[in-house]
K.L.:
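Right, I'll just put the structure down here and ask away after.
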Protein chains: 2
Amino acid sequence: MANIKEIARMAGVSVTTVSRVLNNHPYVSETKRTAVLNTIEKLNYTRNMNAVHLITGRTHAIAVIIPNINIFYFSVIIEGLAQEALLAQYRLILCQTDYRHEEELKVLEMLRNKEIDGVVIVSTRMSSEVIDEYTAYGPIVICQDRGERRFSSVYIEHYSAFRSGLQYLHDKGYEQIGYCEGRQHGSSSSIRQIAFSDFLSATGQPFQEEWMMYNCMNEEDGGRVLHQLLKMKNRPNALIISGDHVAAGLIIEAWKNGIRIPEDLAVIGFDDQPIGRLLGLTTIDNQLPEMGVTAFRIIYDQIQNNDSHPVHRKLEYRIIERSTV
Amino acid sequence: MANIKEIARMAGVSVTTVSRVLNNHPYVSETKRTAVLNTIEKLNYTRNMNAVHLITGRTHAIAVIIPNINIFYFSVIIEGLAQEALLAQYRLILCQTDYRHEEELKVLEMLRNKEIDGVVIVSTRMSSEVIDEYTAYGPIVICQDRGERRFSSVYIEHYSAFRSGLQYLHDKGYEQIGYCEGRQHGSSSSIRQIAFSDFLSATGQPFQEEWMMYNCMNEEDGGRVLHQLLKMKNRPNALIISGDHVAAGLIIEAWKNGIRIPEDLAVIGFDDQPIGRLLGLTTIDNQLPEMGVTAFRIIYDQIQNNDSHPVHRKLEYRIIERSTV
DNA sequence: TTGTACGCGTTATCAG
DNA sequence: CTGATAACGCGTACAA
């Protein structure tokens, strides 16, 4: 494959001139510019980007860490991220690490390696201390609330969003509230769990182990939860469910089993997904698409300005009232 | 940042020796190996991968072209692809091009640029002729049936899968069959449309423009379709729907409107998604996860063996009988 | 088992 | 406006 030197020779100019043409620099005479362009065409030349990456120290690529792409929550964020990356002509490297610490670390190592210009962490098991060690190598943005740190963040306040949801159920007169969560030990899951027990304390209700249901990721899990409920002697009359897909599954299964929503069981979900809109699901919109977009913009700005001052951007949630509460 | 030369100097060895240690080559004495390793540790050294990419001509990265990650069909394929990439220590660059020809071409250019070692095309608007022009620069795999070409493919036979679905409805006694499709002009959509009109001819049924419904991507679209149906004077008594999510939306909306499934309206979907399982949706499983996995393995083998013989791998579909037909 | 010297293909620097 | 030359950091013949 031809290289810049060969182009220069054939066009009768220096490599510098070729490079200038390639990068649209000024100060190239029209004559030489067209000569170079013609030679490029003739030899079917294209740049070897790896050489460019080496000399410039930039790759125009960022990596994103997620556990799994096939979970609605993540795919929505990635959709926004990918859209912005496309606009900015950036590559997006998808690192589906399934929360494996070793693999998550490898992604941060890519930053150190100069393979990428920045990292977006959507969800991780890594501690802030570990992440802090890598901020020296490039901008890092996390889609979680990690407070004052050496890296940036974009987040919604899970605690307060969750409390709002509970309060909403409470205000509507529901006193026996159960709770469906994805992973039991996730970082935002933990926050919601705290919000939940704080709420119970505040309203003087007892903590019921049985009403905490975990590992709910998709519609089928929601269906499973309904059957768990049916088996209980003492059932909640309302459910707060993190993830509209799960809530949707539960509602569908409720219909099939003659459980009336919200008369027998009220449901509030999270994330405002299409299926929820169809079912009339009351939910808390967490601005997921906005999260991906914002995360990219923060990273992008920091790369452009070579500025590593951590930025913290809070997104607002809102309750969407429909008909399941 | 320290480089290999500096490590060599400080460890009292040559750069070759350092390189050998870095790449786990044999013929390095234990003494020197540890000396090098210690120095690397002391200087917090790491390789600049861009230099490695330049000299080796490989990047251990592949790109994948999809229109949008937030469509179940694609996210399932990507999930498999990303899993395999992780196992093989390959980077996966997600190119969400929304079928824009210009952006799709840019990805192929990345192959020419040496930025990536291969490309997986899940869905595209590009013609085979355009793609053929890039096979010289590295392996390309497409997740569509493109016949004998200069690039590889992994696919299910949409024509025959669709005909099977129609035949299944027909065998069950349904004669008035409508059809819901995603994009109207997609490559596999087109094949299904042909299968549909061939089926009508074969069974001597008239073509009803009104029964062809397009732009159905998610649950809400499915709900919309049901209302279109309700408005028709002459309604189909069965529906074949590409995408279980769409079918799910339709079924849910049918329930809400007192339309009995399958008595008033039979439904068969595609892809076997969790929500379909919950609803008892009869569907055609297209082995989507397997498709991503297979696509990666083909690319990977071709990269390893520097072999560009196109491979064509057909995946088998199967009808999953549940209760909506 | 080890080291020297060169090449990978480009951009940056600086002198004209 | 133009060009010579020095980086960028690493892998690898080839020689020892």
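Convention: sequence-line order gives letters A, B, ...; per-chain numbering from 1.
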K.L.:
Taking salt bridge (charged side-chain N to carboxylate O under 4.0 Å, His left out) as the test, write out the residues that go with Lys106(A), two or more places apart.
P.N.:
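Per chain and number, Lys106(A) pairs via salt bridge (charged side-chain N to carboxylate O under 4.0 Å, His left out) with Glu103(A).
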
K.L.:
Any salt bridge (Lys or Arg N to Asp or Glu O under 4.0 Å) involving residues 60-82 of chain A? Give me the pairs, sequence neighbours left out, ordered by first then second residue.
P.N.:
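Residue pairs passing salt bridge (Lys or Arg N to Asp or Glu O under 4.0 Å), neighbours aside: none found.
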
K.L.:
Determine yes or no for a side-chain-to-main-chain donor-acceptor pair under 3.5 angstrom, with Thr17(A) supplying the side chain and Val13(A) the backbone.
P.N.:
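Answer holds: no.
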
K.L.:
Arg149(A): which residues meet the salt bridge (charged side-chain N to carboxylate O under 4.0 Å, His left out) condition with it, sequence neighbours left out?
P.N.:
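Counting only residues at least two positions away or on another chain, Arg149(A) forms a salt bridge (charged side-chain N to carboxylate O under 4.0 Å, His left out) with Glu129(A), Asp132(A).
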
K.L.:
According to salt bridge (Lys or Arg N to Asp or Glu O under 4.0 Å), does anything in residues 4-24 of chain B pair up with another residue at least two apart or in another chain? List the pairs.
P.N.:
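Of all non-adjacent pairs touching residues 4-24 of chain B, none passes salt bridge (Lys or Arg N to Asp or Glu O under 4.0 Å).
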
K.L.:
Not counting sequence neighbours, which residues clear salt bridge (charged side-chain N to carboxylate O under 4.0 Å, His left out) with Glu104(A)? List them please.
P.N.:
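Residues passing salt bridge (charged side-chain N to carboxylate O under 4.0 Å, His left out) with Glu104(A): none at all.
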
K.L.:
Angle between the end axes of the helix from dT1(C)-dA16(D) to dG16(C)-dC1(D), five pairs per end, to the nearest 10 degrees?
P.N.:
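Axis angle across the helix from dT1(C)-dA16(D) to dG16(C)-dC1(D), nearest 10°: 30°.
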
K.L.:
Answer yes or no: is there a side-chain heavy-atom contact under 4.5 Å between Lys314(B) and Ile156(B)?
P.N.:
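No. Closest side-chain heavy atoms not under 4.5 Å.
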
K.L.:
Does the protein touch nucleotides 6-16 of chain D at the base, only the backbone, or not at all? Give it as B, S and - per nucleotide, heavy atoms under 4.0 Å.
P.N.:
-BBBBSB----

K.L.:
Do Asn48(A) and Asn3(A) come close enough that some side-chain heavy atom pair is under 4.5 Å?
P.N.:
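Asn48(A) vs Asn3(A): side chains apart.
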
K.L.:
Could you work out, with salt bridge (charged side-chain N to carboxylate O under 4.0 Å, His left out) as the rule, every residue matching Glu102(B), not counting sequence neighbours?
P.N.:
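None.
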
K.L.:
Please collect all salt bridge (Lys or Arg N to Asp or Glu O under 4.0 Å) contacts where either partner lies in residues 289-313 of chain A, sequence neighbours excluded, each pair once.
P.N.:
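The answer is Glu84(A)-Arg297(A).
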
K.L.:
Between Tyr45(B) and Arg112(A), is there a cation-pi geometry (under 6.0 Å to ring centre, at most 45° from the normal)?
P.N.:
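Relative to the ring axis of Tyr45(B), which defines the angle, Arg112(A) lies outside at least one limit.
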
K.L.:
Salt bridge (Lys or Arg N to Asp or Glu O under 4.0 Å): which pairs involve residues 38-62 of chain B, sequence neighbours left out?
P.N.:
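Residue pairs passing salt bridge (Lys or Arg N to Asp or Glu O under 4.0 Å), neighbours aside: none found.
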
K.L.:
Give the first and the last nucleotide of DNA chain C, reading 5' to 3', that has any atom under 4.0 Å from a heavy atom of chain B.
P.N.:
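Boundary nucleotides touching chain B, in 5' to 3' order, are dT1(C) to dG9(C).
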
K.L.:
Could you list by number each residue of residues 27-39 of chain A showing a heavy-atom separation from DNA chain D of less than 4.0 Å, or answer none if no residue does?
P.N.:
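Contacts with DNA chain D under 4.0 Å: Tyr27(A), Val28(A), Ser29(A), Lys32(A).
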
